[in-house]
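By convention in this document, chain letters (A, B, ...) are assigned in the order of the sequence lines, proteins followed by strands, and residues within each chain are numbered from 1. Any value given below was found using the heavy atoms of this structure, including those in side chains, with hydrogens, waters and symmetry copies removed.
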Amino acid sequence: MEKMSDDNTEEVMVLESEIERLQAEVESLQHQKQEINKDITFHYSQQMENALVFMCGQRQEAGKEMVMSRLKEELEELEEDVKLQTEINGITLNSCTTKTLQNSGRKLVQQLSLSGNCSELVFQVEFQLSEIKQDSERSKRTIGDLNVVLDSSDLQNFSSFLSRVEESRDLLLFFRTLRTFSDRCDDRSRTFQQFQDKYPSVVTLPGGPRSEVMTVNHPKLPGCMLFIHWSVDVSREGIVMPKINLLTKIPERALQLFPSQAVGGAAEAFESLLRILGPEAALESIIQAVSLSQET
Amino acid sequence: MCALSSGVLSHLSLLEVKARSRKTQLQQQSRVMELKAKVEALKTQREQLKAQIQTHQVWGLMVVEANFCADEEEENMDEESENSNLLQLMARHTQLKDLLHAHHLIGGYDIIKTRKGKGACVSIATAYENVFLDTFNLEIDLKPTVKISRHNIPPFIPLNNLAEQNNMQTDLRVFLDTLSQHLNAFVGRKQQLKLVKEKHKSIEVMESNVLCSLLVLLLTVPREKTAVLCTLDYTDHTRCLPTRVHLESEDKQLPDSPQWKKNCTLLMETPVHKALITMKKMGSIV
């Protein structure tokens, strides 16, 4: 009897030490799992959970086919949603990577890296996002460390705004302004392109449709040119201001022969025209005047 | 009788010893079984965690790969692993959810279509500099015409005017962009006023309005303790900076002095709570 209880005690000790060993192993694996989760954020839905459970080799009623088809359905819904948000936001996002830097009970700090485009303007934005829980319902969200890279040629007008927005870390202002700036640039290129298509012999776009300059001249008067300079400026605080100016290049000889106000004072006259008719109509009337056509 | 009882007693005590040792034995055996069961449970947990870690690692790699191939319609032809298809779907799920979250964070309108496309709900997020502030919501009817049915936009924001001027019927986004501009500017001015009250307790706010488009401050010049009444007019409601700064003082010369002309420019170009800090540093005010 004594011997049996000795054996038992020994077995108990062996088992207890094995349990201790296993518990340490499990704890280290749990820690490892947490570390991996810092680099990739896992968004759970029922279908994702099913898929994950399936992947981990646990038995469940639904077979692989079912899990895949349900997940595919959910993916279709998500793709629709992304399309919807892209359309209403006027911003296309191509990639988003999130890294969790800190995740204690009340505070979450993440580093996000986004890339995408707004019409023709391509951007890369990196920022730090902190969320601090204030009470059960609300949390305070702040941006730390904002970094913006814009891949584009129309950028001199944008750079002072960009440095101000990186300083103030106003993420929302950046995207609002980007969208408005992009809309005004699109207005310009659409208008320039329309005029080039409609009056090909008179209108040229020396820098292409995305540039700031459109030239107007009659082929029979090669020395006389009108330059339309349409710039889209952005103030430091993010106000977008399109400005259209008319510059003339008329040879001295022509000015001597025709000393009328119409030719010499074209720039100021254009400003009034702009105020009365608006940019498109004002430009069209200039072009028509130069092309000496009766078209409307 | 005695002999019998002693026999019974000893028999009883023998039974008792047997019973006790049986009990101990059973206890030890059940303890052993308990421990064995625990060992099995921990082993299962360990295997499960190992499998999960492996899946998450592969999953993580696929998400990274999916991000790099964002522009290409690349189909992964590797059919070797029977689970790679499922992993690809899971990676795509994470990628799409991340994109939706990103749209939300950058101030997207979070549009939700309702009533089978006949309606929509949008949220307008606001922030001032790096702090996210209030969110405003609109419920919109899309059919037969585009009309706002419910909202929590403050009444001093001219919602209907903005809807008309921006052709809400034809371009919902442009209307929302303009509304967002107004709301963000309002929230920005409100936040500046809050910061003035918090950080500049020595400065009295004489007047302000709900739209935060007018601010009158009572400033004091050091030493002489002259009072300067500073009026900030924010007539452009899409901006957080004033369009006009007006100074009034008992000292008639003061507003025209070079120092105060500089202060005027400062107040036109810098958010008021920050301008006041600079003015204090320069010794213009207390």
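- Here the straight-line distance linking atom CD of B/Gln181 with atom CG of A/Leu173 works out to 9.5 Å at 0.5 Å rounding.
- The environment of CE in B/Met33 is sparse: at most 12 heavy-atom neighbours from other residues, nucleotides or ligands sit within 6.0 Å.
- Between B/Ile53 and A/Leu29, some side-chain heavy-atom pair lies under the 4.5 Å cut-off.
- Note: B/Asp110 leads B/Asp110, B/Val174, B/Leu133 in heavy-atom pairs under 4.5 Å with chain A.
- Under the 4.5 Å side-chain criterion, counting only non-hydrogen atoms from C-beta, A/Ile143 is in contact with B/Phe132.
- For chain A, the nearby part of B/Leu176 is the side chain; its heavy atoms alone come within less than 4.5 Å.
- Contact record, B/Arg173 with A/Glu87: CD-O, 4.0 Å, taken as the closest heavy-atom pair.
- Interface remark: of the candidates A/Phe127, A/Phe174, A/Phe175, A/Phe175 forms the most heavy-atom pairs closer than 4.5 Å to chain B.
- Heavy-atom distances place the side chain of A/Arg164, and not its backbone, under 4.5 Å from chain B.
- Contacts between A/Leu129 and chain B at a heavy-atom distance below 4.5 Å involve the side chain alone, from C-beta outward.
- If you tally non-hydrogen atom pairs under 4.5 Å between each of A/Glu25, A/Lys72, A/Arg21 and chain B, the highest count goes to A/Glu25.
- What you find for A/Glu237 and B/Cys240 is that their closest heavy atoms are OE1-N, 4.1 Å.
- The two residues B/Ala125 and A/Leu172 have their closest heavy-atom pair at O-CD2, 3.8 Å.
- The 12-atom threshold is exceeded at NZ of B/Lys274, counting heavy atoms of other residues, nucleotides or ligands nearer than 6.0 Å.
- Summarising the geometry, atom NZ belonging to B/Lys50 is positioned 10.0 Å from atom CD belonging to A/Gln32; distances are rounded to the nearest 0.5 Å.
- Counting non-hydrogen atoms of neighbouring residues, nucleotides and ligands closer than 6.0 angstrom, the CD atom of A/Gln134 exceeds 12 such neighbours.
- For the pair B/Leu105/A/Leu114, no side-chain contact is recorded, criterion being any heavy-atom separation below 4.5 Å from C-beta on.
- Contact record, A/Asn89 with B/Gly108: OD1-CA, 3.3 Å, taken as the closest heavy-atom pair.
- For the set B/Glu47, B/His101, B/Lys113, B/Arg239, the count of heavy-atom pairs under 4.5 angstrom toward chain A peaks at B/Arg239.
- Note: A/Glu16 CD to B/Lys38 NZ = 9.5 Å, rounded to the nearest 0.5 Å.
- Within 6.0 Å of the CD atom in A/Glu27, the count of heavy atoms belonging to other residues, nucleotides or ligands does not exceed 12.
- Between A/Ile91 and B/His103, the closest heavy-atom pair is O-CE1, 3.2 Å.
- Most heavy-atom pairs under 4.5 Å with chain B: of the set A/Leu171, A/Asp81, A/Val14, this distinction falls to A/Asp81.
- Residue contact with chain B, scored on non-hydrogen atoms closer than 4.5 Å, is absent for A/Gln47.
- Atom CD of A/Glu79 sits about 9.5 Å away from atom CG of B/Leu99, to the nearest 0.5 Å.
- Residue A/Ile19 comes nearest to B/Val39 through the heavy atom pair CG1-CG2, 3.4 Å, listed as atom of the first residue, atom of the second, then distance.
- Ionic pairing of A/Glu18 and B/Lys43 is present here: one or more N-O contacts between side-chain nitrogen and carboxylate oxygen are shorter than 4.0 angstrom.
- A/Leu75 CG to B/Leu89 CG: the interatomic distance, rounded to the nearest 0.5 Å, is 5.5 Å.
- Contacts between A/Leu93 and chain B at a heavy-atom distance below 4.5 Å involve backbone atoms as well as side-chain atoms.
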(request) Just do the salt bridge (charged side-chain N to carboxylate O under 4.0 Å, His left out) check on B/Lys97 and A/Glu74 with the steps written out, would you? (result) CA-CA 11 Å; B/Lys97 280 282 198 161; A/Glu74 193 170 276; over 6 Å; no
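- Considering only heavy atoms from C-beta on, A/Arg176 comes within 4.5 Å of B/Ser180 through its side chain.
- The OG1 atom of A/Thr86 lies 12.0 Å from the CD1 atom of B/Ile111; values are rounded to the nearest 0.5 Å.
- Atom CZ of B/Arg115 has more than 12 neighbouring heavy atoms from other residues, nucleotides or ligands inside a 6.0 Å radius.
- With respect to B/Glu269 and A/Arg236, no salt bridge is recorded, no charged nitrogen being found less than 4.0 Å from a carboxylate O.
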